[in-house]
S.K.: 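Handing you this structure, nothing more for now.
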Amino acid sequence: MRNPLPFNDIRHLQAHQFLVDEAYLLDTQQYETWLDTLTDDIRYVMPVRVTTARGAEFDTSPGMAHFDEDKYSLGQRVARFATEHAWTEDPPSRLRHFITNVRTFAGEDGDHLMVESAELLFRSRGDVNDGALLSCGRKDLLRWSDQCWKLARRNIVADESVLRMQNLAVFL
């Protein structure tokens, strides 16, 4: 197992800052700006979680995902939010992304960082009394590009095998 970078390492601080800034953009639904924080070859995946016996050596369903997207499909989702066809987000959700347990690992070269984090998403919609929570772990690959860190890969694994959210129209 690789050792994480110390918390005072500038690369860890930059990665943590990236995640905090990203959470702000998503909470405030500044999706066009968020798209600019992604590399052109982004892969954004949330495999389907399954419950298996101890020792099964997998906890996601091979070949199945809630979403498996690239920059084009993410851009199409963002563009759709601005139309009358985005009924899953009309009225828009109120969101709060809580990011914690950030661990950063040096990449194969100086231009990449691997970042693990835990996320708790609170979401409420309309006048519904009950908010929804989604807890997940994320493994990200950040790449140095255009004089800043950008998200090149995100793998999201929910902590539940059955999601209690009406839909997953929002970004994690």
Side-chain angles (χ1 to χ4, degrees), residues 1-2 4 7 12 15-31 34-35 37-39 42-78 80-81 85-105 113-142 150-172:
M1 180 177 183
R2 295 171 296 150
F7 287 164
H12 172 77
H16 198 171
Q17 182 73 51
F18 176 90
L19 296 179
V20 169
D21 290 344
E22 178 193 35
Y24 172 80
L25 293 174
L26 295 175
D27 288 347
T28 58
Q29 299 176 12
Q30 296 182 49
Y31 299 126
W34 175 70
L35 286 173
T37 70
L38 311 177
T39 62
I42 178 78
R43 180 137 185 250
Y44 187 85
V45 181
M46 184 178 182
V48 173
R49 189 78 185 253
V50 293
T51 302
T52 59
R54 188 183 320 271
E57 297 187 20
F58 68 92
D59 64 354
T60 59
S61 183
M64 293 184 64
H66 294 287
F67 43 80
D68 185 348
E69 299 191 78
D70 59 14
K71 187 133 185 199
Y72 175 79
S73 64
L74 292 168
Q76 291 300 300
R77 283 177 60 190
V78 167
R80 189 167 183 263
F81 285 153
H85 303 293
W87 56 268
T88 57
E89 280 301 304
D90 190 11
S93 295
R94 289 177 291 277
L95 305 169
R96 187 72 58 208
H97 293 75
F98 296 92
I99 310 300
T100 187
N101 298 358
V102 177
R103 295 175 0 125
T104 307
F105 302 86
L113 293 173
M114 279 80 71
V115 185
E116 295 176 354
S117 62
E119 176 180 24
L120 180 64
L121 173 68
F122 172 82
R123 177 182 181 202
S124 67
R125 293 194 61 223
D127 295 329
V128 176
N129 290 335
D130 296 327
L133 294 172
L134 177 64
S135 175
C136 59
R138 303 185 311 182
K139 291 186 179 179
D140 296 336
L141 177 66
L142 299 183
K150 292 193 173 195
L151 183 62
R153 303 281 181 274
R154 172 160 289 158
N155 189 64
I156 305 158
V157 177
D159 292 327
E160 300 175 294
S161 57
V162 177
L163 302 182
R164 293 181 273 177
M165 207 170 266
Q166 284 183 343
N167 61 61
L168 271 178
V170 298
F171 300 105
L172 302 167

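This is a predicted model, so every value here is computed, not measured. One is the number of the first residue; the rest follow in order along the sequence.
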S.K.: Can you measure from CG (D27) to NE2 (H97) and round to the nearest 0.5 angstrom?
M.R.: 6.0 Å
S.K.: Search all heavy atoms of L35 against all heavy atoms of G75 and return the closest pair with its distance.
M.R.: CD1-CA, 3.9 Å
S.K.: On a heavy-atom basis, which atom in D159 and which in G137 lie closest, and how many Å separate them?
M.R.: OD1-N, 4.3 Å
S.K.: Does Q29 reach the side chain of L95, with side-chain heavy atoms less than 4.5 Å apart?
M.R.: yes
S.K.: Could you state the interatomic distance from CD1 (I99) to CG (D21), rounded to the nearest 0.5 Å?
M.R.: 11.5 Å
S.K.: Any chance CZ of R43 has more than 12 other-residue heavy atoms, nucleotides or ligands included, within less than 6.0 Å?
M.R.: no
S.K.: What do the steps show when you test L19 against E22 for side-chain contact (heavy atoms from CB on, under 4.5 Å), and what is the final call?
M.R.: CA-CA 5 Å; L19 296 179; E22 178 193 35; 4.0 Å; yes
S.K.: Kindly say whether L172 contributes a backbone atom to a donor-acceptor pair with the side chain of R138 at under 3.5 angstrom?
M.R.: yes
S.K.: In the structure I gave you, are the side-chain heavy atoms of Y31 and L25 within less than 4.5 Å of one another anywhere?
M.R.: no
S.K.: On a heavy-atom basis, which atom in V170 and which in R77 lie closest, and how many Å separate them?
M.R.: O-NH2, 3.3 Å
S.K.: Any idea which heavy atoms bring M46 and L134 closest together, and the distance?
M.R.: CE-CD2, 4.4 Å
S.K.: Would you name the heavy atoms of K150 and T39 that are closest together and state the gap between them?
M.R.: CB-CG2, 3.7 Å
S.K.: First locate atom CG of D140, then atom CZ of F18, and finally report the distance between them rounded to the nearest 0.5 Å.
M.R.: 7.5 Å
S.K.: Do V48 and H66 pass the side-chain contact (heavy atoms from CB on, under 4.5 Å) test, and can you show the C-alpha distance, the side-chain angles, and the key distance before you say yes or no?
M.R.: CA-CA 6 Å; V48 173; H66 294 287; 4.1 Å; yes
S.K.: Could you tell me whether R96 atom CZ has more than 12 heavy atoms of other residues or ligands within 6.0 Å of it?
M.R.: no
S.K.: Would the number of heavy atoms belonging to other residues, nucleotides or ligands and lying under 6.0 Å from NZ of K139 be above 12?
M.R.: no
S.K.: Just say parallel, tilted or perpendicular for the rings of Y44 and W34, cut-offs at 30° and 60°.
M.R.: perpendicular
S.K.: Starting at CZ of R123, measure out to CG of L168 and round the result to the nearest 0.5 Å.
M.R.: 7.5 Å
S.K.: When rounded to the nearest 0.5 angstrom, what distance separates OH in Y24 from CD in Q30?
M.R.: 5.0 Å
S.K.: Between the side chain of D70 and the main-chain N/O of Y72, is any donor-acceptor distance below 3.5 Å?
M.R.: yes
S.K.: For E160 and R49, which heavy atoms make the closest approach, and how far apart are they?
M.R.: O-CB, 3.6 Å
S.K.: Is any side-chain heavy atom of H12 closer than 4.5 Å to a side-chain heavy atom of V102?
M.R.: yes
S.K.: For a 4.5 angstrom cut-off between non-hydrogen side-chain atoms, does L151 reach L142?
M.R.: yes
S.K.: Salt bridge or not between E119 and R154? Use side-chain N to carboxylate O under 4.0 Å.
M.R.: no
S.K.: Measure the spacing between OG of S93 and CG of L26 and express it to the nearest 0.5 Å.
M.R.: 12.0 Å
